[in-house]
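Fair warning: this is a prediction, and the values are worked out from it, not measured in the lab.
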Amino acid sequence: FKRDRTTRRYSLMEINGRFWGSLPLACAAGADFPANFVRLLLHGGDAVRAPGFRTGVRCRNLTQDLEWLRGAVARLRTDRPVSAGRIVADSLRLLLPGERFDLQSLDDWRPGVAELWRIAGRTAGMVRHRRETAGWRRRMLALRAQPGPLAAALADADEIVAVCLANRVRSVYAEHRLRQWLADRPDLAIRSAGIEARPGAAPDDRAREVARRRGVDFGGHVATATSALARSPRRVFLAMETRHALALARQFPEAASRVFLLGACLDRGDVEIPDPIDQPEPVYDARFAEIDRAIRRCADLLAARSVQVRVP
């Protein structure tokens, strides 16, 4: 309910017709609310038992515990790690006999088995994704030494599409820089799009200002989603991150061999160009400088139609 201070009246806000998320803990402690609800419906209020309960009972959600452990291990390589001792202690606590779980129970084993099956499926999916990601990164790193596939694709292309997540920063800059440096190729269409773009969204203001100082005008650009692109047999995609490339390969399977990371054209560093969104202006400038170096090499490949990348 919500109370109106002026009229002092209460208004009904919501009726949530479900049990609460911590219900397994109540049941494990002896307060079996679902059983009492069934008794109430079948036999009336006289059949409802007082909810006696035990204190000190602990209950865990296995899916969330494993997710926390995965995140904690990933943070070991960051500047804000979780202590290794805490990770080991929390992992061992899962094996203690006194620990109870929301779904794993011998007297009703099916929900627990279903959760374990879901966890196994998610884990297998994560392993597949990591393998795909590693494969793409190896392929893009190999292009630095042997850019033949990229050179051939660019030479045959009738359209180049720069792709990032939202089509508001990196891909917009790449599109307009490509237009500048490939102005002598009117036969080559150049555009940009975003994997999760909100159609019609304007470029990021900070990106627009930093790009302007670098001689790139975003003009009246509005975001376009990759899902709005029609199929094209000779289109080349230049993505900023591996996840964008994987999404493009799934979205346009017929064009998977023509999806590349723009950072593969850099002579050093990572093959991904990270998103500077909401970072200080020097970060935007550094990302745009990387895009400039990569695009300059793409332009060299187009001009020379060579399998060797020329350093400007």
Side-chain angles (χ1 to χ4, degrees), residues 77-80 133 136-137 140-141 143-144 147 150 154 160-185 188-226 236-245 247-248 259-303 309-312:
R77 294 177 291 234
T78 70
D79 57 352
R80 298 180 62 187
T133 300
W136 269 95
R137 292 177 67 84
M140 294 301 107
L141 284 169
L143 285 176
R144 290 181 172 176
L150 175 58
L154 289 172
I160 297 176
V161 181
V163 177
C164 65
L165 186 66
N167 193 212
R168 298 184 61 233
V169 180
R170 294 166 290 176
S171 58
V172 187
Y173 183 86
E175 173 191 353
H176 287 80
R177 187 62 95 187
L178 280 164
R179 290 181 186 274
Q180 287 181 349
W181 290 349
L182 298 179
D184 59 342
R185 289 290 307 273
L188 188 60
I190 298 171
R191 61 191 305 183
S192 63
I195 298 295
E196 298 179 9
R198 180 168 58 86
D204 176 71
D205 290 337
R206 191 171 298 172
R208 186 188 291 275
E209 175 58 25
V210 175
R212 183 191 62 78
R213 292 201 295 266
R214 297 183 66 88
V216 174
D217 182 8
F218 287 176
H221 175 89
V222 294
T224 299
T226 54
V236 169
F237 289 104
L238 297 177
M240 301 296 160
E241 299 177 33
T242 306
R243 57 177 176 149
H244 307 154
L248 287 167
V259 177
F260 302 92
L261 292 180
L262 181 60
C265 292
L266 296 171
D267 59 345
R268 61 186 181 276
D270 198 359
V271 290
E272 295 191 341
I273 299 176
D275 193 350
I277 193 73
D278 295 331
Q279 299 295 311
E281 288 191 359
V283 178
Y284 281 77
D285 197 59
R287 298 291 84 81
F288 290 168
E290 291 176 347
I291 291 173
D292 278 353
R293 293 198 302 272
I295 289 177
R296 176 61 68 188
R297 292 190 172 192
C298 286
D300 288 344
L301 288 174
L302 271 171
V309 176
R310 179 176 65 83
V311 179

How many angstroms lie between atom CD1 of I160 and atom CG of L238, to the nearest 0.5 angstrom?
-> 6.0 Å
Between CZ of R185 and CG of L154, what distance do you get to the nearest 0.5 Å?
-> 9.0 Å
For A289, what residues pass the side chain to side chain contact (heavy atoms under 4.5 Å, CB included) criterion, not counting sequence neighbours?
-> R214, R293
Got a sec, which residues hit side-chain hydrogen bond (donor to acceptor under 3.5 Å, both in side chains) with Q279, two or more places apart in sequence or on another chain?
-> none
Which pairs of donor and acceptor atoms, one on a side chain in residues 219-226, lie under 3.5 Å apart (sequence neighbours left out)?
from	atom 1	to	atom 2	distance (Å)
H221	NE2	N167	O	3.4
H221	NE2	N167	OD1	3.3
T226	OG1	Q251	OE1	2.9

Keeping the roles fixed (side chain from R144, backbone from C265), state whether a donor-acceptor pair exists under 3.5 Å.
-> no
Atom of L261, atom of M240 and distance for their closest heavy-atom approach = CD2-C, 4.2 Å
By salt bridge (Lys or Arg N to Asp or Glu O under 4.0 Å), R177 pairs with (sequence neighbours left out) D292
For A239 against L248, the heavy-atom pair lying closest together = CB-CD1, 4.2 Å
Sorted by first residue and then second, give each ring-ring contact (aromatic ring centres under 6.0 Å, His included) pair with at least one member in residues 265-303; sequence neighbours left out.
-> Y173-F288
Heavy-atom pair of closest approach, residues L262 and C298 | CD1-SG, 4.1 Å
Measure the shortest side-chain to side-chain distance between V169 and C164 over non-hydrogen atoms and say whether it is less than 4.5 angstrom.
-> no
If a pair satisfies ring-ring contact (aromatic ring centres under 6.0 Å, His included) and one of its residues is in residues 189-213, list it, with sequence neighbours excluded.
-> none
Separation between CD1 (I273) and OG (S171), nearest 0.5 Å, reads 11.0 Å
Please round to the nearest 0.5 Å and tell me the distance separating atom OG1 of T242 and atom CZ of R137.
-> 5.0 Å
Side-chain contact, heavy-atom cut-off 4.5 Å: E175 with V161?
-> no
For P280, which residues count as a side chain to side chain contact (heavy atoms under 4.5 Å, CB included) partner, sequence neighbours excluded?
-> P282, V283
I295 CD1 to D300 CG distance, which is reported to the nearest 0.5 Å = 12.0 Å
Any residue meeting side-chain hydrogen bond (donor to acceptor under 3.5 Å, both in side chains) with R213, in chain and number order, not counting sequence neighbours | E209, E281
Using salt bridge (Lys or Arg N to Asp or Glu O under 4.0 Å) as the criterion, list what pairs up with E241, not counting sequence neighbours.
-> R170, R243
Should W136 and V259 count as side-chain neighbours, where that means a heavy-atom distance under 4.5 Å?
-> yes
Across all chains, not counting sequence neighbours, the salt bridge (Lys or Arg N to Asp or Glu O under 4.0 Å) partners of D217 are none
Residue pairs passing the salt bridge (charged side-chain N to carboxylate O under 4.0 Å, His left out) test with at least one member in residues 190-199, sequence neighbours excluded, are E159-R191
Quick one: salt bridge (Lys or Arg N to Asp or Glu O under 4.0 Å) partners of R206, sequence neighbours excluded?
-> none
From CE (M140) to CG (L266), nearest 0.5 Å = 13.0 Å
Lys/Arg N to Asp/Glu carboxylate O, D275 vs R287, below 4.0 Å = no
Test item: L188 and L302 side chains (from C-beta on) under 4.5 Å apart, heavy atoms = yes
Does some side-chain heavy atom of R208 sit less than 4.5 Å from a side-chain heavy atom of V172?
-> no
